[in-house]
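Only one structure is covered here, and it is reproduced in the block below.
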Amino acid sequence: MAEQAQVHPLGLRHHFNNLDQQLEAGTMGMWVFLVTEIMFFGALFCSYAIYRSVYPEAWALGSHLNSSTLGAAMTVVLLMSSLTMALGVRSAALGNQRVVILMLSLTIVLGLAFMGMKGFEYYHHFEDKLVPGYDFSGYHGAHAGPVQMFISFYFIMTAIHATHMVVGVGLLSVMIWMTSRGRFNRQYYAPLEITGLYWHFVDIIWIFLFPMLYLVDLHK
Amino acid sequence: MSTTPLVPPQSEVKKNYLNAGYGIKSWLLTTDHKRIALLYLASITFFFLIGGLFALLIRLELLTPAGDLVTSETYNKLFTMHGVIMIFFFLIPSIPATLGNFLVPVMVGARDLAFPRINLLSWYLFVIGGVLAIYSMMAGGVDTGWTFYTPYSSVYSNTHVVVMIIGIFVAGFSSILTGLNFIVTIHTMRAPGMTWFRLPLFIWSNYATSLVQILGTPVVAITLALVAIERVFKLGIFNPTLGGDPVLFQHLFWFYSHPAVYIMVLPGMGVISEIISAFSRKRVFGYEFVALASIAISILGFLVWGHHMFVAGESVYSALSFSFLSFLIAIPSAIKVFNWTATLHKGSISFDTPLLYAFGFIGLFTVGGLTGLFLASLGLNVHVHDTYFVVAHFHYIMVGGTVMAYMGGIHYWWPKISGRMYPEGWGRLSALLVFVGFNLTFLPQFVVGYLGMPRRYHAYPPEFQIWNVLSTAGATVLGLGYALPLIYFFWSARYAAKAGPNPWGASGLEWQIDSPPITENFEVTPVITGPPYDYRKVLPQEEPVG
Ligand SMILES: [Cu+2]
């Protein structure tokens, strides 16, 4: 590696001295971006937590309007997509480009399946007239105001999460294209690794959303 | 890029980042941090003029006690748009996006920022946000105040709140991306030998600023997005009719918007450190303390937001804590002021324009900081809450602090940016006019605020008129002081004397390269062997050419 001095390594951009520096910068850039994402979701989580402590009964009632079975199924699908993502990055490290493409495609399929289930769930809320600000006449229980707020949080948080999934699917498609064009080799697959970081982060956000929106006071 | 001849032609014009390409595409698609800095410079100057126009109309209305020039509805829109434009589209990007963009890679010894294309993206996001804000103003404007307090903004206001919020949201991401780029660049792209405690203080303060940008901006982005969502879909996040809490909005808003003051003033402090050192030809006294004070300010800055809400129904205990923490944050700022003064002590001082602006900064920032202590104390805060005392206080910080430093910095680095000197005599006159005009504008507002004149009204009792006349007169002088540099900088870019690499005889990597620098900044990657501001090593005969 050291004696290839004159050869321009695959993927090295002109303002970096070497691939190590470039990878360090790229990885750190994604981590810093994820920190901003944590603050972005953090403000939502914080508002959610404050209202939950003010309206505990309404939050429990609202949570029962979402199907915890469907939520659990979505969680499983998303965790599997994280597994295929991790396997994709590992195949890149081994230089097995065909497996990379297979694994990334599987990740996209699982991501789309998740969003399909999410769309199904949205559809049911419209059917059941449980859409705050539009038609909430399907709800007849107690604490109608705060329950409406809970469902508002449900829609806002899951919609923002789904937006991140759409971005992730876009990134994965670019990665598949780059892999098929031979842009990566065993030394250089940093964009893939960084895309993986992003995808796992979006999954972790869901790991928090699932209990917050589906499992409040499940025993009641 | 394309074909480069093996032997460079022996022409008199040396290659630099300005003549590296002509034509609109070479600017709009550039990834050179120096060109992007100039794109930002042009855009924020444009927004400064618009914001200044609103300020002019406000001062004209307040010339007489009766509300005669504009209706109260129009007046509400004027102060809202003055605030929104000046804060989100001028002050926040001012120093980091222009001087920071230009200097951060050079000062750490790198060829560019870590992510040049993201840097360009950030400028485009800024422009898109700005276009949306201008659209919202042309469609009829916004009247909520720049603070967008709910439920007025989310339910009752009949103005173009949603478009304005989308504009701020998009521009917010441009700010986040600038901060991200700086942090990664400072961590991973320092030249060999450039250890953390060899970094110029401008880098330290921009690093601290970037921390606030990446941690605070996402919070205000989602908060304003919630207001827009609530407005469009009629939800109840902050609306009490469904059980929402408008005070929660204020908490989330100020969680960003107090630290935002440090996004504005921390880079200014970095500029002042550079100028004070260069014009007294001494190492900054207590370098480590000044550096770490920046970090302390950015951390403590996140713990004081409640001082905006002492009368908004905050509990006594949180009010006490926020009051205490607000006093505490004065300490790192004071460390800086004392260390600058100590740097000047026994220095060989030359009173050029940048130093005059820096003196202006120190004086005005100190007044702004000390009146901030008045406002941090609970009893006095209740007395002067929402009066012109508060307006005067934050203008001393934002205009007396940030804009003074920005002007000083532009003058100091203009020879590097343009390759030419500005006219020194006119420069000194502008610094004088800005200082006198500023004080004449805002000192009377302390008095009239203390006497009880509330902010955000277009009419007031006749006994307050004298103070308002003084203030409007001062604003005229201030406007003149800002207009002068706008004219002579344009003039000097073409006609003024060539600057040479180091017209000030200053230390620092940026003064060891050409003016203007080449696209790659350095012919060979520099190796750093000693501490910054080592004026024993800089030759004294390198006097200004102009
Ligand atoms: Cu504050």
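Below, read A as the first sequence line, B as the second, and so on, with proteins coming before strands; counting in each chain starts at 1.
- Taking the six-membered ring for Trp and the full ring otherwise, B:Phe253 and B:His308 have centroids separated by 6.0 Å or more.
- Between A:Leu215 and A:Ser63, the shortest heavy-atom contact is N-OG, 3.7 Å.
- Proximity to chain A (any heavy atom under 4.5 Å) is shown, for B:Tyr256, by neither the backbone nor the side chain.
- Residues of residues 105-115 of chain B lying under 4.5 angstrom from chain A, judged on non-hydrogen atoms, are B:Arg111, B:Asp112, B:Leu113, B:Ala114, B:Phe115 in numerical order.
- Shown here for A:Glu121 and A:Tyr154, the closest heavy-atom pair between the two residues is OE1-OH, 2.6 Å.
- There is a side-chain donor-acceptor pair under 3.5 Å between B:Arg35 and B:Ser26.
- One side chain, A:His125 or A:Asn66, offers a donor N or O that lies under 3.5 Å from an acceptor on the other.
- Proximity to chain A among residues 203-212 of chain B is not found for any residue, judged by heavy-atom separations below 4.5 angstrom.
- Using a 30° and 60° split on the angle between ring planes, A:Tyr139 and A:Phe136 fall in the tilted class, from 30° to 60°.
- Taking each heavy atom of B:Asp32 and B:Tyr17 in turn, the nearest pair found is OD2-CB, 3.5 Å.
- A centroid separation of 6.0 Å or more is found between the aromatic rings of A:His143 and A:Phe150.
- Ring geometry, A:Phe155 versus A:Tyr122: the interplanar angle falls from 30° to 60°, so the pair is classed tilted.
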